[in-house]
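Have a look at the structure below, then the notes.
Numbers restart at 1 for each chain; the letters A, B, ... are given by sequence-line order, proteins then strands.
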Amino acid sequence: MKSTGVRRGGTSAEVGCALSRPVPWRWKDAFRRPVGIRRDGRRVVRPGSATGECDRRAHGDRGAADAYDGVRSHPERRMRLSKSRFTAGLQCARLLWWRVHEPDAPELAPDETRQAVFDQGHRVGAAARARFPGGVLIDLPHDAFEQRVTATRAAMDGGAPAIFEASFVADDTFVAVDALERRPGGWRLVEVKSSTRVKTQHLQDVAVQVHVVRGSGVPVESAEVMHVNRACTYPDLSDLFARVPVLPEVERILPGVPGRLRAQLAMLGGDLPTVAIGLHCEEPYPCPFQGRCWPEWPADHVRRLYFVGKRSWELAANGYTSIDRLPDGMTLHPAAERQRRALRLGRRIVEPTLAVALERLVGPLAVIDFETVSPAIPVWDGCHPYDPVPAQFSCHAQEADGAWTHHHWLANDTADPRPELIRRLADACRGARTILAYYAPFEAGVLAQAALAFPKLHDPVQSILDRIVDAHPLVRDHVYDPGFNGSFSLKAVLPVLVPGLGYDDLPIAEGQAASRHIERMLFGDPPPHGAERRALRDALRRYCERDTLGVVRLVETLRTLAAGAAGPV
DNA sequence: GCATCAATTTCCAATTGGTA
DNA sequence: TACCAATTGGAAATTGATGC
């Protein structure tokens, strides 16, 4: 919900910046229209309200279109839009233009993480089909439009109770409906989503399908979003899906669909359009072409302000582009305030409070890290869709003499990994008085859930939870280095505070990639074998080990910094 | 994609303050 | 005293950052 900037019960919030007495800065003050009305009736212009550089940059065409004149000069193909193109076009005209005119753009090739999301979606889609007995799949090549439409008609005429990938064309737009279900009074259109709830963008998705299906002469009497149901608990998968009727909401959107389709087709007939960058670059989905439209944000740009989120767009639009030029009265998150000070000083800030915070870390220490798998369709007892289940851990544990020993375990088959993992982890942490994890709520949550599923594991889990401490606030609440670029994630912090200990040298360098590889190793069809499997397991071990070693070195660095900060400045 | 936690914002009702 | 606007404070909802 977007803030209107006006509170209930009065209009005076509209004139806040010009009140005669000082008022505390509120975030929304930065976002109101650049021109306000003072209580005395005079117009005021807020500072920095001239055309923002943000807008000027947005016009920064890179001439990419020129390279594709050849594509554009081809004779017009009649069928230009599809369901996914339509929704892309709703997000941004440039995104749609590039998708159509430059389909082989490297930005459009899914990276490992996006591919994993798509794969998960395909598995969910296949499971959804099993919920429609007797359904017929239109199993033809993706781009065989005419044959698919013909096959769909044949299936409808042949009395199929449900048709998967039911294909239709109208208004130069092709859609393939996930499931079209025969009903007494017509047909029910079902859109399958691997999300756990209906989202607003799903409604547009359904709307364009209803428009095209009805435009093909097929009566659509209801429409549903069929999404994954988090309440479902393995082994009972009978309620894996929830089905939500959405036709009333969709009917409200439908009148606008033909105009949007026409506008998109007209836009595609022209040159690359100009669109200002903004929030739509990130919502509802991060645009793969950000690299073409966005400048390289300087270290002091408000885009890099910690905890700023989408407000950065409004700040920039109102002329506030530099963090150190934000008004002094603007209250920031304490870490963002420290970031602003560090940028103004041009150096790292270490608060004297760091030493106090480090006193909590009573040795011997252990540092732990998990890698998890979160299948949309649960596979182990007591699990719900997307529950993260630990399948690998790394632990650096301090011996009595202060030396570090590394412990590690990685699942190797489809058995539930939790009992074995927790037994080994409890062993590894036996001598530790403090157990550190970076962003410990994640590890703690995963452990607590395992104890719920396996009551026998309660005691070892509780013993770990009693000693666990989060390393993340040690950095966020006490240290800022301009090299952090507004992030306190381990991947942002470690290369700055522990130079030389990054992730660049590792074949697997990121948690989501690790998760995807573990899933492939355990459930792949076929799973990797032989040398490939050994290499994969080695890469996973090295990644997880780097995370815990990183926290070990990080704590050492923090102790050195704290000792320096405690002395005379 | 999802979950969690903490921070922030919004909402709503109660209270306070000013004016007629 | 009645009324309205402004302020306050707590609850609920949303957002942002982090993890996978």
Side-chain angles (χ1 to χ4, degrees), chain A residues 1-13 15-16 19 21 23-24 26-29 31 110-124 193-197 199 201 227-230 279 282-286 304-312 331-337 368-378 383-393 437-449 470-473 475-477 484-493 508 510-519 540 543-544 547 551:
Chain A
M1 192 71 70
K2 190 169 162 51
S3 164
T4 60
V6 183
R7 283 174 67 93
R8 212 172 69 98
T11 55
S12 62
V15 297
L19 292 175
R21 61 194 164 79
V23 292
R26 290 164 301 187
W27 269 99
K28 63 184 178 189
D29 291 334
F31 306 148
D111 58 16
E112 277 192 343
T113 302
R114 270 200 293 166
Q115 187 60 51
V117 171
F118 294 157
D119 292 347
Q120 187 101 272
H122 292 145
R123 285 192 291 273
V124 168
K193 293 293 181 191
S194 52
S195 66
T196 54
R197 59 195 168 88
K199 300 180 178 179
Q201 63 264 31
H227 65 80
V228 169
N229 173 27
R230 275 276 292 166
L279 186 55
E282 302 175 294
E283 291 184 1
Y285 306 105
R304 297 191 184 274
L305 183 63
Y306 178 71
F307 216 83
V308 72
K310 59 181 72 168
R311 291 170 301 194
S312 70
T331 52
L332 303 175
H333 184 288
E337 184 62 52
I368 65 170
D369 181 54
F370 292 163
E371 307 307 327
T372 61
V373 291
S374 332
I377 304 170
C383 287
H384 311 104
Y386 294 108
D387 272 355
V389 175
Q392 179 183 19
F393 81 84
Y438 206 86
Y439 217 70
F442 177 74
E443 269 72 16
V446 163
L447 285 171
Q449 198 151 27
D470 189 2
H472 173 249
V475 184
R476 189 192 68 168
D477 298 343
F484 292 172
N485 276 323
S487 168
F488 298 93
S489 74
L490 188 59
K491 272 67 181 173
V493 159
I508 294 175
E510 196 250 332
Q512 285 186 52
S515 173
R516 183 176 116 76
H517 284 297
I518 295 173
E519 262 185 51
L540 285 164
Y543 167 69
C544 201
D547 266 348
V551 175

Given C/dT18, C/dT15, B/dC2, which nucleotide is nearest the side-chain atoms of A/Ser487?
C/dT18

A/Asp369 near the nucleic acid: base, sugar-phosphate alone, or nothing, with a heavy-atom cut-off under 4.0 Å?
sugar-phosphate

Candidate nucleotides C/dT18, B/dC2, C/dC20, ranked by approach to the side chain of A/Tyr438 - the nearest:
C/dT18

Atom CD1 in A/Ile377, atom NE2 in A/His384: separation rounded to 0.5 Å?
15.5 Å

What nucleotide among B/dA7, C/dC20, C/dT18 has an atom nearest to a side-chain atom of A/Tyr306?
C/dT18

Closest of B/dG1, C/dC20, C/dG16 to the A/Tyr285 side chain is B/dG1

Would you mind classifying the nucleic acid contact of A/Pro388 as base, sugar-phosphate or nothing, using non-hydrogen atoms under 4.0 angstrom?
nothing

Taken to the nearest whole Å, CD/A/Gln449 to P/B/dT4 is 7 Å

Round to the nearest Å and state the distance from A/Glu283 atom CD to C/dG16 atom C1'.
11 Å

Atom CG of A/Leu447 to atom P of B/dA3: distance rounded to whole Å?
18 Å

Could you please spell out the steps behind the side-chain contact (heavy atoms from CB on, under 4.5 Å) verdict for A/Tyr386 and A/Ser194?
CA-CA 10 Å; A/Tyr386 294 108; A/Ser194 52; 3.6 Å; yes

Could you tell me the separation between the CG atom of A/Leu305 and the C1' atom of C/dA17, rounded to a whole number of Å?
13 Å

For the pair A/Gln449 (side chain) and A/Asp387 (backbone), establish whether a donor and an acceptor sit closer than 3.5 Å, ignoring hydrogens and angles.
no

Whole Å only: how far is the NE2 atom of A/His472 from the P atom of C/dG19?
7 Å

Checking contacts here: which listed nucleotide (C/dC20, B/dA3, C/dG19) is nearest the side-chain heavy atoms of A/Asp547?
C/dC20

May I ask you to check whether over 12 heavy atoms, not counting those of A/Arg230, lie within 6.0 Å of atom CZ?
yes

Look at A/Arg311 and C/dT15 and indicate whether a side-chain polar atom (N or O) is within less than 4.0 Å of OP1 or OP2.
no

Using whole Å, what does the distance between atom P of nucleotide B/dG1 and atom CG of A/Asp119 come to?
14 Å

If you find the nucleotide of DNA chain B closest to A/Pro334 and the one closest to A/Pro385, which residue's nucleotide is nearer the 5' end?
A/Pro385

Decide yes or no for A/His517 and A/Glu371: does some side-chain heavy atom of the first lie under 4.5 Å from some side-chain heavy atom of the second?
no

Answer yes if the ring centres of A/Tyr306 and A/Phe488 are under 6.0 angstrom apart, and no otherwise.
yes

Here the distance between atom P of B/dG1 and atom CG of A/Asp387, to the nearest Å, is 19 Å

Round to a whole Å and report the spacing from NE2 of A/His384 to C1' of B/dG1.
18 Å

Applying a 4.0 Å non-hydrogen cut-off, can you work out what A/Asp477 is touching in the nucleic acid: base, sugar-phosphate, or nothing?
nothing

When all nucleic acid strands are considered with a 4.0 Å heavy-atom cut-off, which category describes A/Lys199: base, sugar-phosphate, or nothing?
sugar-phosphate

Counting any heavy atom closer than 4.0 Å, what does A/Ser374 reach on the DNA or RNA strands: base, sugar-phosphate only, or nothing?
nothing

Please pick, from C/dC20, B/dT8, B/dC5, the nucleotide with the shortest atom-to-atom distance to any side-chain atom of A/Tyr439.
B/dC5

Using a cut-off of 4.0 Å on non-hydrogen atoms, how would the nucleic acid contact of A/Gly309 be classed: base, sugar-phosphate, or nothing?
sugar-phosphate

Side-chain atoms of A/Tyr386 come closest, of C/dC20, B/dG1, C/dT18, to B/dG1

Considering every strand and a 4.0 Å limit on heavy-atom distances, what is the contact class for A/Gln512: base, sugar-phosphate, or nothing?
base

Respond yes when some side-chain nitrogen or oxygen of A/Thr196 is under 4.0 Å from OP1 or OP2 of B/dC2, and no when none is.
yes

